[in-house]
Each structure stands twice: as C-alpha cells, then as structure tokens.
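This report refers to the structure that appears directly beneath it.
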Amino acid sequence: MGRFWTLLTHVHALAGPVLMLLYPLYASVIAIESPSKVDDEQWLAYWILYSFLTLTEMVLQSVLEWIPIWYSVKLALVAWLVLPQFRGAAFIYERFVRQKIKQYHQQREKSPNSKGKNKFVDFIIPKKGEQEAY
C-alpha cells in the first residue's frame with residue numbers, strides 16, 4: 001500500500017505542471033496557427049485567469065498553506081478551465097471579466113476627465129496625418 005501512495009503522490013505532483021502549463025502552451029500554439037478565433041479566445045482567457053490565480057496564490061500564500069486540499073482544489077479548477085469539453089476559461093471570461101471591462105470603459109467614456117487620462121496614450125500613438133517624417 002505504501003508504494004501505491006508514493007506513486008499517487010508523484011502522479012499528483014506531475015499532473016499540475018502538465019495540466020497547468022505544458023498542455024495549455026501546446027494548445028495555445030495550435031490555436032495561434034488555426035484560422036478560428038474561438039480557440040484563441042479560450043487560451044487567451046485561460047492565460048489571463050491563470051495569471052490572476054497565480055498572483056492571488058502569491059498574495060494569500062500564508063493562508064493557503066493552512067488548507068491541506070488547496071492543491072487538489074486548484075488542480076480541479078484548472079482542469080475545468082483547460083479541458084476543451086468544459087471551456088471553463090472562455091465561460092468565466094464571457095460571464096464575468098468581459099462585463100467588468102465593458103462597465104469600466106463605459107464609465108471612462110462618461111467621465112468628464114477621461115481626456116486627461118489618455119494623454120499618455122495619445123502621446124505614444126499619433127493620430128492619422130500627424131506622423132513625423134524621419
């Protein structure tokens with residue numbers, strides 16, 4: 001029975017990097033090369049959510065150390081985000097992230113000070129006809 005638990009621990013530890021990094025990297029490259037934008041959205045959404053999850057983990061590391069099943073919960077969550085049967089990353093992006101971004105942009109457009117906030121962007125990206133000849 002001891003060897004079984006040792007094997008299970010090693011498989012569990014190996015499943016994380018494969019599921020969280022290797023497969024998404026491979027699928028992202030395939031998505032870039034395909035003409036469809038549906039898979040691009042899935043993998044861009046995955047990387048956004050994975051980055052957010054990683055940053056949250058870094059901030060809450062001292063709390064998460066006290067939760068013994070955290071790694072298993074994270075593995076299950078990432079499996080739901082990654083597996084093409086579920087398309088969890090695209091679902092989360094469509095349902096929550098996209099709405100927040102739209103609300104943010106609508107508020108910025110309505111704000112009277114929105115012009116001043118874009119001065120840096122206007123400086124970096126010249127308007128048509130204002131490009132200098134070098």
Side-chain angles (χ1 to χ4, degrees):
M1 191 67 155
R3 289 184 183 185
F4 173 72
W5 287 115
T6 303
L7 177 65
L8 189 62
T9 302
H10 289 302
V11 168
H12 189 275
L14 185 62
V18 169
L19 188 65
M20 293 180 212
L21 295 171
L22 289 179
Y23 175 70
L25 284 169
Y26 171 75
S28 297
V29 171
I30 298 301
I32 288 172
E33 296 301 323
S34 77
S36 172
K37 290 194 174 209
V38 174
D39 53 359
D40 295 352
E41 182 179 299
Q42 160 68 18
W43 294 111
L44 284 171
Y46 171 77
W47 290 112
I48 290 167
L49 294 170
Y50 182 74
S51 299
F52 180 74
L53 179 64
T54 303
L55 289 172
T56 304
E57 251 187 332
M58 290 169 63
V59 170
L60 300 175
Q61 182 178 6
S62 59
V63 174
L64 295 174
E65 288 175 352
W66 289 93
I67 303 172
I69 61 167
W70 167 244
Y71 188 75
S72 298
V73 169
K74 178 183 173 185
L75 199 58
L77 173 67
V78 170
W80 181 73
L81 292 174
V82 165
L83 293 175
Q85 294 89 346
F86 303 114
R87 291 186 35 83
F91 174 79
I92 295 285
Y93 183 80
E94 286 287 328
R95 195 73 180 256
F96 301 105
V97 178
R98 180 171 280 165
Q99 289 179 0
K100 294 296 181 189
I101 290 173
K102 284 182 180 180
Q103 288 174 357
Y104 174 75
H105 283 293
Q106 287 173 352
Q107 288 175 352
R108 281 194 63 169
E109 289 174 3
K110 291 179 184 177
S111 173
N113 296 332
S114 65
K115 289 285 187 188
K117 293 179 182 176
N118 292 328
K119 284 182 181 177
F120 181 73
V121 174
D122 292 339
F123 175 74
I124 297 295
I125 303 171
K127 294 177 182 73
K128 290 181 182 178
E130 292 183 4
Q131 295 180 350
E132 297 178 24
Y134 289 98

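What you see below is based on every heavy atom in this structure, not just the backbone, and it leaves out hydrogens, waters and symmetry mates. Given the structure is predicted, the values throughout are model-derived calculations rather than measurements. FYI, the numbering just counts along the sequence from 1.
Evaluation of the ring pair (Phe, Tyr, Trp, His ring centres under 6.0 Å) rule for Y71 yields H12 as partners, not counting sequence neighbours. For A79, the side-chain contact (heavy atoms from CB on, under 4.5 Å) partners at least two apart in sequence or on another chain are L19, L83. Under the side chain to side chain donor-acceptor pair (under 3.5 Å) criterion, T56 pairs with no residue at all, not counting sequence neighbours.
Y26 and V38 end up in different hydrophobic clusters when Ile, Leu, Val, Met, Phe, Trp and Tyr side chains are linked at under 4.5 Å. By the rule that hydrophobic residues join a cluster once side-chain heavy atoms approach within less than 4.5 Å of another member, W43 and V29 end up as members of separate clusters. In the hydrophobic clustering of ILVMFWY residues, with side-chain heavy atoms under 4.5 Å counting as a link, F96 and L55 come out apart. Cluster membership for L21 and L77, using ILVMFWY side-chain heavy atoms within less than 4.5 angstrom, is shared. Using a 4.5 Å cut-off between side-chain heavy atoms of Ile, Leu, Val, Met, Phe, Trp and Tyr, with links allowed through other members, I48 and I101 fall into the same hydrophobic cluster.
In this structure, OG in S36 is found 9.5 Å from CD in E41, a value given to the nearest 0.5 Å. Note: L49 CG to L44 CG = 11.0 Å, rounded to the nearest 0.5 Å. The distance from the CD1 atom of I30 to the OH atom of Y23 is 9.5 Å, given to the nearest 0.5 Å.
Taking all atoms of both residues into account, the shortest heavy-atom contact from A89 to A45 is O-CB, 3.5 Å. Contact detail for D40 and I32: the closest heavy-atom pair is OD1-N, 3.8 Å. Contact detail for Q42 and V82: the closest heavy-atom pair is NE2-O, 4.0 Å.
Atom CG of L22 sits in a crowded spot, with more than 12 heavy atoms from other residues, nucleotides or ligands closer than 6.0 Å.
Looking at I67 and V73, their side chains never come closer than 4.5 Å, going by heavy atoms from C-beta outward.
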Legend entry - Chi angles and distances behind the side-chain contact (heavy atoms from CB on, under 4.5 Å) call for K74, L64: CA-CA 11 Å; K74 178 183 173 185; L64 295 174; over 6 Å; no

Legend entry - Full working for side-chain contact (heavy atoms from CB on, under 4.5 Å) between Q99 and E94: CA-CA 7 Å; Q99 289 179 0; E94 286 287 328; over 6 Å; no

Inset, instruction - Please step through side-chain contact (heavy atoms from CB on, under 4.5 Å) for the pair W47 and L25, ending with a clear verdict. - result: CA-CA 9 Å; W47 290 112; L25 284 169; 3.9 Å; yes

Legend entry - Derivation and outcome, side-chain contact (heavy atoms from CB on, under 4.5 Å), residues R87 and F91: CA-CA 6 Å; R87 291 186 35 83; F91 174 79; 5.9 Å; no

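Using bins of under 30°, 30° to 60° and over 60° for the plane-to-plane angle, the ring pair Y46/Y50 lands in the parallel bin.
Side-chain atoms of W70 and E65 form no donor-acceptor pair, as typed in the model, at a separation below 3.5 Å.
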